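To keep things clear, I will list the structure first and then write my remarks on it.
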Amino acid sequence: LAKEQRKNNYQLFTKELNEKVTRRLKLERSLRKAIKQKELKLYYQPQVDIQTGKLLGIEALLRWNPSFGFVSPNEFIPIAEETGLIVQIGEWVMNEACRKIKQWEKHELLNVPISINVSVRQFRDSNFVRKVKEIISKEKINPKFLEIEITERVMFNVEESSESIKDLREFGIMVAIDDFGVGYSSLYLIANLDYDTLKIDKSLIDDLLNNERKMAILSAIIDATNNHKRIIIEGIETKEQVEVLKNFSVIGQGYFFSHPLPAKELELKVKQIGR
Ligand code: C2E
Ligand code: MG
Ligand code: MG
Ligand code: MG
């Protein structure tokens with residue numbers, strides 16, 4: 001019986017592995033096609049003043065919905081990173097976001113920054129900063145309307161990345177640290193690095209209401225940074241969370257306020273929210 005069991009487990013294991021490899025190959029192949037055929041889209045999620053509900057920012061998020069079904073960026077971004085496709089994809093994201101900024105600036109729909117996510121490989125590309133500046137100059141937009149979101153994984157080499165961050169900020173582009181609260185979340189980093197916005201990860205506020213320790217950590221982080229930085233709390237889903245967070249002057253982002261939306265729907269939403 002034990003032998004039979006092992007054999008079954010083994011077959012199950014190889015079957016799973018096979019499916020994973022097949023899926024990965026399929027995604028990689030389809031992703032190359034998606035870039036060429038412009039199947040990628042940006043959705044936009046509002047970031048609002050937690051106390052007043054006023055719009056204070058917008059995050060652009062990639063969406064890919066190929067004929068075989070929606071694929072989450074959590075699945076395809078790592079593949080894009082590994083294959084290097086992220087450089088092309090990232091450039092498209094930058095261009096697309098800057099075109100939207102230009103359009104919204106022109107129609108006076110926008111007076112808040114739009115943030116885009118930039119992954120490690122893209123940020124480390126020696127041409128990255130130059131490319132961002134080029135796009136901004138080409139579109140003739142005010143750089144203060146663009147924010148670059150990076151995670152602390154980028155700061156693996158602090159020296160190298162602070163040089164790029166300084167360069168971006170001197171040009172007028174905003175810089176946000178994304179997903180703070182997962183991984184190492186070094187306090188050294190938030191104490192010593194120059195940035196504009198700290199984004200606190202959803203995991204830190206998920207069970208905030210029943211977790212005193214998380215509450216203490218959150219208020220310590222906010223205390224340590226809030227005087228001179230914008231703080232965004234990610235993944236707010238409930239009214240109860242909003243009520244607790246109203247004790248702080250922070251920015252909220254999450255399904256409670258709005259899901260990420262296609263540009264057209266975001267425009268309608270912005271008119272509702274008011275500015
Ligand atoms: P992120 O930058 O931390 O983005 C926030 C994620 O949380 C988004 O997931 C957003 O849809 C989701 N979210 C927002 N509010 C809520 C909420 O109330 N509840 C829950 N459960 N989720 C919420 P999404 O769009 O699936 O993106 C996942 C990750 O993929 C992003 O995490 C980011 O790291 C990456 N990503 C997305 N777009 C891009 C891109 O253009 N370039 C790069 N390099 N990475 C991207
Ligand atoms: Mg982000
Ligand atoms: Mg995040
Ligand atoms: Mg994330």
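What you see is a predicted model, and the numbers here were worked out from it, not measured in a lab. Just follow the structure's listing: the first ligand is 1, and inside any ligand the first atom is 1.
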Could you see which bit of [X] sits under 4.0 Å from ligand 1, with heavy atoms only: side chain, backbone, both or neither?
| X | answer |
| --- | --- |
| I116 | neither |
| S119 | both |
| L62 | both |
| N117 | both |
| E234 | side chain |

Need the atom name: nearest N/O/S atom of D178 to the Mg ion (ligand 2).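 Atom name returned: OD2.
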
So is K202 close enough to ligand 1, meaning a heavy atom under 4.0 angstrom away?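 Yes.
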
Proximity flag R63 to ligand 1, non-hydrogen atoms under 4.0 Å: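 The answer is yes: ligand 1 sits under 4.0 Å from a heavy atom of R63.
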
Could you list which atoms of ligand 1 come closer than 4.0 Å to a heavy atom of [X]?
| X | value |
| --- | --- |
| D179 | 3 (O) |
| G254 | 15 (N), 18 (O) |
| Q45 | 14 (C), 15 (N) |
| P260 | 11 (O) |
| V93 | 41 (O) |
| I236 | 18 (O) |
| N74 | 28 (C), 29 (C), 30 (O) |

Just wondering, is there an N, O or S atom on D201 that's nearer than 2.8 Å to the Mg ion (ligand 3)?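 No - counting backbone and side chain alike, D201 has no N, O or S atom under 2.8 Å.
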
As an exercise, state the distance from CG of L146 to NZ of K100, rounded to the nearest 0.5 Å.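 Going from CG on L146 over to NZ on K100, the span is 15.0 Å.
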
So how far is it from L198 CG to I222 CD1, rounded to the nearest 0.5 Å?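 Here the interatomic distance stands at 9.5 Å.
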
With no hydrogens and no angle check, just 3.5 Å: does a side-chain donor-acceptor pair link K41 and N65?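 No donor-acceptor contact under 3.5 Å links the two side chains.
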
At less than 2.8 Å, would any N/O/S atom of E234, backbone or side chain, sit next to the Mg ion (ligand 2)?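 It does not; every qualifying atom lies at 2.8 Å or beyond.
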
N117 N/O/S atom closer than 2.8 Å to the Mg ion (ligand 2):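 Looking at N117, which is the residue asked about, there is an N, O or S atom under 2.8 Å from the Mg ion (ligand 2).
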
Polar-atom distance check: E59 versus ligand 1, any N or O pair below 3.5 Å?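 Indeed, backbone or side chain, E59 has an N or O that close.
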
Using a 3.5 Å cut-off on N or O atoms only, is E237 in polar contact with ligand 1?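 Looking only at distances, the answer is yes, because the N/O contact criterion of under 3.5 Å is met.
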
Taking side-chain hydrogen bond (donor to acceptor under 3.5 Å, both in side chains) as the criterion, tell me which of E234, Q45, K202 meets it with Q253.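 One option only clears the test, and that one is Q45.
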
For atom 23 (C) of ligand 1, tell me which residue out of F256, Y255, F76, F123 has the closest non-hydrogen atom.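 Answer by nearest heavy atom: Y255.
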
Among the N, O or S atoms that D179 has, which is closest to the Mg ion (ligand 3)?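 Going through the N, O and S atoms of D179 one by one, OD1 ends up nearest to the Mg ion (ligand 3).
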
So, E81 side chain and R121 main chain: donor-acceptor pair closer than 3.5 Å or not?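 Yes; judged by distance alone, with no hydrogens or angles, the pair exists.
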
Apply side chain to side chain donor-acceptor pair (under 3.5 Å) to E139 and list each qualifying residue two or more places apart in sequence or on a separate chain.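 Expected list: none.
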
